[in-house]
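First up is the structure itself, then whatever we jot down about it.
Protein chains get the first letters and strands the later ones, always in sequence-line order, with residue 1 at the start of each. Hydrogens, waters and symmetry mates are skipped; everything else that's a heavy atom, side chains included, is used.
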Amino acid sequence: MDIATLTPEAQFTLAELEAKFPPRTLSEGARVTRFGPSPTGFMHIGGLYTSLVSRRLAHQSGGRFFLRIEDTDKKREVDGTVGLILASLATYGLSPDEGEIADGQELGDYGPYRQSERKPIYQSCVRWLLEQGHAYPCFASADELQELRDEQAKRKVQPGYYGSWAIWRDKTAADVAAALAVGLPFTVRLRATGTRDERVTLPDTIRGDLEFPANQTDVVMLKADGMPTYHLAHVVDDHFMRTTDVIRGNEWLASYPMHAQMFDLMGWAPPRFAHISPIEKQDGGSRRKLSKRHDPEASVGWYMEAGYPLGAVTEYLLNLIDGRFEEWRTANPGVSHEDFKIELEHMSRSGALFDLAKLDSVSRDVVGAMSAKAIYDAALVWASGHHPDFAVRFAADPAYSQAILDIERHGERPRKDIVRWDQLHTDIGYFFDDRYAELLGEAQDVFKALQPAAPQGLLAKVAAAYDPAKDRDQWLEWLRELGLEFGYAPNAKTFKAAPDQYIGHFGDLAGVLRVVLAARRNTPDLHEMMQVMGKDRVVARLSAATRW
RNA sequence: GGCCCCUUCGUCCAGUGGUUAGGACGCGGCCCUUUCACGGCUGAAACACGGGUUCGAAUCCCGUAGGGGUCACCA
């Protein structure tokens with residue numbers, strides 16, 4: 001049998017490949033990690049999660065994090081996905097050190113970083129395995145394989161291509177030559193070496209030692225189109241790309257024995273493995289993986305659209321990765337989350353349930369720690385892409401917009417009322433005159449509902465006497481006295497003690513001013529709000545309201 | 001079904017033989033207060049179950065149950 005015809009694209013000897021992709025020269029303890037998405041349409045939050053773990057681990061150890069596009073299944077590939085993956089990673093500050101960084105542009109010496117462009121490498125390795133007798137061609141058709149499985153199901157034996165079920169495993173060279181001669185399509189399979197009672201141990205960084213039966217399945221390594229399966233590609237790539245730590249989803253746990261066997265047959269030392277549990281979602285009585293079909297929040301794009309601050313998503317994920325993050329964050333407020341060192345050993349073995357309420361809470365804290373300028377910049381970027389109307393208003397007067405965001409945000413206990421950028425246009429819209437005008441009708445209804453606790457005369461007086469130079473306490477005191485003249489109790493307690501002697505209390509008065517100035521009853525501190533609005537705007541709104 | 005993984009408040013984590021089982025989010029109450037937000041105090045809320053081992057078990061062992069994964073020429 002002519003092995004060369006089975007691997008037509010093989011070009012290298014193993015020694016040549018070793019020389020081409022030499023071990024990396026990195027400091028002791030440096031980890032090389034990777035993210036290997038397949039471009040099938042979107043970027044899953046789990047991919048961001050895994051990338052975050054991998055990149056952190058590499059960088060905090062002085063190593064490297066690379067991106068490898070696992071596009072060996074051309075049928076499933078969706079155009080544009082690579083761009084989406086690159087953009088998602090970049091957005092969250094997770095761009096790789098190596099690999100594809102832009103359309104057609106690659107960084108690093110261990111490429112190409114698209115598996116579809118590495119066929120010669122895979123086939124070279126397979127050729128070697130064929131030569132050693134560790135692999136063989138299989139001409140079984142899809143139908144034949146199906147019959148095999150049906151038969152196995154009928155006899156209630158392990159399904160799969162193994163042992164005596166592996167019909168092409170021990171065919172003669174003549175049989176192979178004959179099949180080849182009639183142009184039958186074929187795959188190349190591993191000649192499994194595992195015996196019945198043999199066990200293999202996986203020293204998992206997160207889970208500790210795990211034991212499995214040794215692999216006995218003659219798994220496909222090369223598909224009929226000459227592309228590698230995940231199994232072969234993983235082994236070959238992580239060897240020649242010199243990965244030290246494979247961090248992947250726990251759905252790969254079961255196939256570890258195959259991988260271990262392939263590393264062994266190739267004569268390579270396997271990397272360290274860490275199998276992480278996927279983020280799950282409550283579904284009725286049970287939990288399941290976040291799915292693209294049913295859960296919009298499974299997509300990284302969802303968080304971008306919803307206007308979650310980038311740091312909020314990252315910090316929430318960091319919480320799931322390492323429970324000590326929260327404690328660290330409390331002890332180090334305002335410090336970049338980049339400074340937190342994760343430890344795989346602290347990752348939970350069970351899958352975490354995605355909790356939106358917790359994300360929101362983390363987001364509140366993240367935004368709370370941001371400066372008005374930082375919030376402005378981030379929110380404007382978001383608005384430009386997702387809420388153009390607001391973006392225009394917001395960008396018109398940056399100083400004004402930032403002053404708005406700075407209200408009650410500069411002290412020891414900043415406001416924590418912002419969760420996502422998309423709430424901004426409703427929360428602070430009234431500061432902008434055009435938006436305020438739109439809200440006026442509703443505000444007047446509320447105002448009227450407040451009658452008789454809304455004396456226009458009082459508004460006129462406030463407008464006439466408004467002096468921005470007065471500090472908060474002075475102004476409040478002044479207003480309190482004015483309110484008293486108009487029948488407002490100085491505080492709720494006094495009012496409650498004698499409700500029939502007053503038309504309301506100071507809080508009601510403040511409420512009236514809020515409705516007039518902001519077209520809503522919930523606003524930040526009145527005094528500070530008025531300061532930011534400026535005297536002209538305040539007086540104009542108050543004066544106009546005397547005619548409501 | 002075989003193999004494998006997982007199991008502490010609703011959720012995310014602490015806890016590695018002796019704790020009133022701790023924190024965070026969420027929820028309730030109280031306080032602060034010009035509304036909202038913040039903040040403070042406080043409450044309800046968990047060791048899946050059954051056997052062992054031990055003076056003593058959330059912690060160790062064995063079962064059981066439940067959940068999840070995997071058994072493709074998909075990754």
Side-chain angles (χ1 to χ4, degrees), chain A residues 36-40 70-73 75-76 115 138 140-142 145-146 149 153 156-161 185-189 202 204 207 210-213 217 219-225 227-231 233-234 248-257 275 277-278 280 282 285-289 316 319-320 322-327 329-330 346 348-362 364 368 408-409 411-418 427 472 476 479-480 483 491-492 505-515 518 520-527:
Chain A
S38 46
T40 53
E70 312 212 332
D71 56 347
T72 55
D73 187 354
K75 297 183 294 294
R76 293 207 315 159
Q115 292 184 328
C138 169
S141 67
L145 292 173
Q146 188 54 51
R149 278 191 290 270
K156 291 188 164 49
V157 298
Q158 263 311 296
Y161 201 89
F186 64 90
T187 61
V188 178
R189 289 181 183 269
L202 161 60
D204 190 276
R207 295 155 195 268
L210 267 20
E211 234 188 47
F212 301 89
T217 300
V219 60
V220 171
M221 293 189 295
L222 233 43
K223 303 189 271 190
D225 61 1
M227 283 284 204
T229 56
Y230 170 87
H231 309 294
H234 149 57
R248 51 160 40 163
N250 68 178
E251 69 269 23
W252 295 111
L253 234 24
S255 45
Y256 171 76
H275 290 90
S277 297
E280 299 176 349
Q282 190 75 42
S286 70
R287 32 171 71 198
R288 57 169 169 76
K289 272 169 83 167
Y316 174 66
N319 260 318
L320 297 184
D322 192 328
R324 299 165 316 151
F325 175 74
E326 200 155 19
E327 195 186 331
R329 174 43 90 207
T330 308
H346 284 96
S348 134
R349 272 106 1 240
S350 54
L353 223 43
F354 188 83
D355 185 355
L356 215 73
K358 182 71 178 184
L359 204 217
D360 284 358
S361 164
V362 169
R364 250 180 253 282
E408 292 183 303
R409 198 172 295 283
E412 279 293 290
R413 288 170 9 195
R415 288 186 78 80
K416 291 185 179 173
D417 51 347
I418 301 176
D427 285 7
R472 186 169 174 277
L476 240 36
L479 186 66
R480 206 182 299 274
N491 56 56
H505 60 83
F506 190 63
D508 296 322
L509 170 55
V512 170
L513 291 181
R514 286 195 161 86
V515 170
R520 49 158 39 199
R521 303 187 72 173
N522 302 347
T523 81
D525 178 75
L526 242 189
H527 177 73

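Look at B:C55: its Watson-Crick or wobble partner, with both distances under 3.5 angstrom, is B:G18. Pairing for B:U64 goes to B:A48, judged as Watson-Crick or G-U wobble with the two contacts each under 3.5 Å. The pairing partner recorded for B:C12 is B:G23, the criterion being a Watson-Crick or G-U wobble arrangement whose two distances lie under 3.5 angstrom. Base-pair partner of B:C73: not found among the strands shown (Watson-Crick or G-U wobble, both distances under 3.5 Å). Across the strands present, B:U34 finds no partner; the criterion is a Watson-Crick or G-U wobble pair with both atom distances under 3.5 angstrom.
Rounded to whole angstrom, the span from the NE2 atom of A:H527 across to the P atom of B:U35 amounts to 17 Å. For A:Q282 and B:G10, the CD to C1' distance is 9 Å, given to the nearest whole Å. At whole-Å resolution of the value, CG in A:L479 and P in B:U35 are 13 Å apart. Whole-Å rounding puts the A:N522 CG to B:A37 C1' distance at 9 Å. A:L353 places its CG atom 15 Å from the P atom of B:G67, with the value rounded to the nearest Å. Atom-to-atom, CG of A:D508 to C1' of B:U35 comes out at 10 Å; the value is rounded to the nearest Å. We find that NZ of A:K416 is positioned 18 Å from P of B:C36, with the value rounded to whole Å. One can place CZ of A:F354 at 16 Å from C1' of B:G10, the figure rounded to the nearest angstrom.
Going from the P atom of B:C41 to that of B:A57 covers 35 Å, rounded to whole Å. Comparing the P positions of B:U54 and B:G1 gives a spacing of 36 Å, expressed to the nearest Å. The separation of B:A75 from B:C38, taken at their C1' atoms, amounts to 47 Å, rounded to a whole angstrom. If you take atom P in B:U59 and the same atom in B:A44, they sit 25 Å apart, rounded to whole Å. Separation of the C1' atoms belonging to B:U7 and B:C12 is 15 Å when rounded to the nearest angstrom. Comparing the same atom, P, in B:G18 and in B:C3 gives a spacing of 35 Å after rounding to whole Å. Distance noted for atom P between B:C25 and B:A37: 15 Å (whole Å). A distance of about 7 Å separates the C1' atoms of B:G23 and B:A14, rounded to the whole Å.
In plain terms, the two heavy atoms of A:H505 and A:A492 that are nearest each other are CG-CA, 3.8 Å. For the pair A:D204 and A:H275, the tightest heavy-atom approach, listed with the atom from each and the gap, is OD2-ND1, 2.8 Å. Among all heavy-atom pairs drawn from A:F186 and A:V188, the shortest one is CE1-CG2, 4.1 Å. Here the closest non-hydrogen pair linking A:G483 and A:L509 is CA-CD2, 3.7 Å. Between A:K223 and A:T72 the shortest heavy-atom distance is NZ-O, 3.1 Å.
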For nucleotides 23-29 of chain B, 5' to 3', base contacts (B), sugar-phosphate-only contacts (S) and non-contacts (-) with protein non-hydrogen atoms under 4.0 Å give -SS----
Protein-proximity profile, nucleotides 68-75 of chain B, B/S/- by nucleotide at the 4.0 Å heavy-atom cutoff, equals SSSSSBBB
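Between the side chain of A:R521 and the base of B:U35, no donor-acceptor pair of N or O atoms lies under 3.5 Å. If you check distances only, the side chain of A:D525 does reach the base of B:U34 with a donor-acceptor pair under 3.5 Å. Interface remark: the A:R514 side chain does not form any donor-acceptor pair with the B:C36 base, using a distance-only criterion of under 3.5 Å.
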Only distances under 3.5 Å count here; give the side-chain donor-acceptor pairs of residues 352-362 of chain A to other protein atoms, sequence neighbours excluded, each with its distance to 0.1 Å.
unit_1: A:D355; atom_1: OD1; unit_2: A:A357; atom_2: N; d: 3.1
unit_1: A:D355; atom_1: OD1; unit_2: A:K358; atom_2: N; d: 3.4
unit_1: A:K358; atom_1: NZ; unit_2: A:E326; atom_2: OE2; d: 2.5
unit_1: A:D360; atom_1: OD1; unit_2: A:Y308; atom_2: OH; d: 2.6

**Request:** Let me see the working for A:L202 and A:L253 under side chain to side chain contact (heavy atoms under 4.5 Å, CB included), right down to the final yes or no.
**Result:** CA-CA 9 Å; A:L202 161 60; A:L253 234 24; 3.8 Å; yes
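Here A:E327 lies out of heavy-atom contact (under 4.0 Å) with every strand. At the heavy-atom level, A:D417 lies under 4.0 Å from the strands shown only through sugar-phosphate atoms. As judged by a 4.0 angstrom heavy-atom cut-off over every strand, A:L526 is placed among the base-contacting residues. Within the 4.0 angstrom heavy-atom criterion, base atoms lie near A:P524.
Ranked by how close their nearest RNA chain B nucleotide is to the 5' end, A:F212 and A:T523 are led by A:F212.
A:R76 is linked by a salt bridge (charged side-chain N to carboxylate O under 4.0 Å, His left out) to A:D73, counting only residues two or more places apart in sequence or in another chain. Shown here are the side chain to side chain contact (heavy atoms under 4.5 Å, CB included) partners of A:V219, two or more places apart in sequence or in another chain: A:L190, A:H231, A:M258.
With A:D427 contributing its side chain and A:I418 its backbone, the two residues share no donor-acceptor pair below 3.5 Å. Using a distance-only test at 3.5 Å, with no hydrogens or angles considered, no donor-acceptor pair links the side chain of A:R189 to the main chain of A:Y161. A side-chain donor-acceptor contact under 3.5 Å links A:T229 to the backbone of A:V220.
Look at A:R324 and A:D322 and you find a salt bridge, because one of the NZ, NE, NH1 or NH2 atoms lies within 4.0 Å of a carboxylate O, short of that distance.
Here the rule is salt bridge (charged side-chain N to carboxylate O under 4.0 Å, His left out) with A:E408, and of A:K416, A:R413, A:R415, A:R472 only A:R415 fits it.
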What's touching nucleotides 13-16 of chain B from the protein side, N or O pairs under 3.5 Å?
unit_1: B:C13; atom_1: OP1; unit_2: A:S348; atom_2: OG; d: 3.3

